[in-house]
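Not measured: the values here are computed from a predicted model. In the text below, chain A, chain B and the rest are named by the order of the sequence lines, each starting its count at 1.
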Amino acid sequence: NAGVTQTPKFRILKIGQSMTLQCAQDMNHNYMYWYRQDPGMGLKLIYYSVGAGITDKGEVPNGYNVSRSTTEDFPLRLELAAPSQTSVYFCASSYSFGQGNEQYFGPGTRLTVT
Amino acid sequence: AQKVTQAQTEISVVEKEDVTLDCVYETRDTTYYLFWYKQPPSGELVFLIRRNSFDEQNEISGRYSWNFQKSTSSFNFTITASQVVDSAVYFCALSAGGGADGLTFGKGTHLIIQP
């Protein structure tokens, strides 16, 4: 199993550009998550999904959108990138219940908006 | 709302010393889970341990041990005989609320092990 994969690993965006961060998992996990990690801070939840077609906002959803058309994929869309979105983005997945199940994390995407 | 506090921003010790990383959590839920993750300089997140609110037994795994005390809402992590490879940022995290809404992370403790 590849686990949780994320692409790209690095990206530089100009202010106002858009992009999609890709996330895929091959563990047949129902639950998937997007977090962002700012320097010197812990991770904060952006969006999460409990299954295909179901998504919900986390703590910091503004400026982002998600979709979940399949169990395997959970892309994160940035519209009109802003410098405040410079961060490291982690995707994660877990088995059946979000609570109590270990979350498996991808390697992260380092995004810089200038 | 849940909250995790890691008061130690950075700890520096000399190799072979023992070191304890503190974690204090807040939740109104009676069922919750606590986690520790390690983030080495390479940046990935490595799962270390999960503990549920009904199991207060301490756990030992090699040089690592965890002390869970509900009375003080703490879940501390001790590394015995530290090694340079233990240098990393360590995060404590909490999952509660009965749903699937992710983990609440502390801000992390940067552990530096000097040779």
For chain A, which residues of residues 5-14 of chain B have at least one non-hydrogen atom nearer than 4.5 Å to it? none
With side-chain contact (heavy atoms from CB on, under 4.5 Å) as the criterion, how do B:Leu103 and A:Tyr35 come out once you've worked through the C-alpha distance, each side chain's angles and the decisive distance to 0.1 Å? CA-CA 9 Å; B:Leu103 298 175; A:Tyr35 295 87; 3.7 Å; yes
Just wondering, are more than 12 heavy atoms of other shown residues or ligands nearer than 6.0 Å to NZ in B:Lys38? yes
What about A:Tyr89 and A:Tyr104, same hydrophobic cluster or not, with Ile/Leu/Val/Met/Phe/Trp/Tyr joined at side-chain heavy-atom distances under 4.5 Å? no
Minimum side-chain heavy-atom gap B:Gln39-A:Phe105 below 4.5 Å: no
Would you say that more than 12 heavy atoms from the other residues, nucleotides or ligands in this model lie under 6.0 Å from the CD1 of A:Ile15, or not? yes
Let me confirm one number: the CD-OH distance from A:Glu102 to B:Tyr33, rounded to the nearest 0.5 Å. 13.5 Å
Bottom line for A:Glu59: the part with an atom under 4.5 Å from chain B's heavy atoms is neither
According to a 4.5 Å side-chain heavy-atom criterion applied to Ile, Leu, Val, Met, Phe, Trp and Tyr, with indirect links allowed, do A:Leu111 and A:Phe90 form part of one hydrophobic cluster? no
Treat each ILVMFWY residue as a node, draw an edge where side-chain heavy atoms are under 4.5 Å apart, and state whether A:Leu45 and A:Ile54 are in one component. yes
Transitive ILVMFWY side-chain link B:Tyr37 to A:Tyr33, under 4.5 Å: yes
Determine, using the 4.5 Å side-chain heavy-atom cutoff (strictly less than), whether B:Ile112 and B:Ile79 are members of one ILVMFWY cluster. no
Can you tell me which portion of A:Tyr47 sits under 4.5 Å from chain B's heavy atoms? Options are side chain, backbone, both or neither. neither
Would you indicate whether B:Lys70, at its atom NZ, is surrounded by more than 12 heavy atoms from other residues, nucleotides or ligands within a distance under 6.0 Å? yes
May I ask you to check whether over 12 heavy atoms, not counting those of B:Arg51, lie within 6.0 Å of atom CZ? yes
Just verifying a value: how many Å separate B:Phe105 CZ and A:Met41 CE, rounded to the nearest 0.5 Å? 13.0 Å
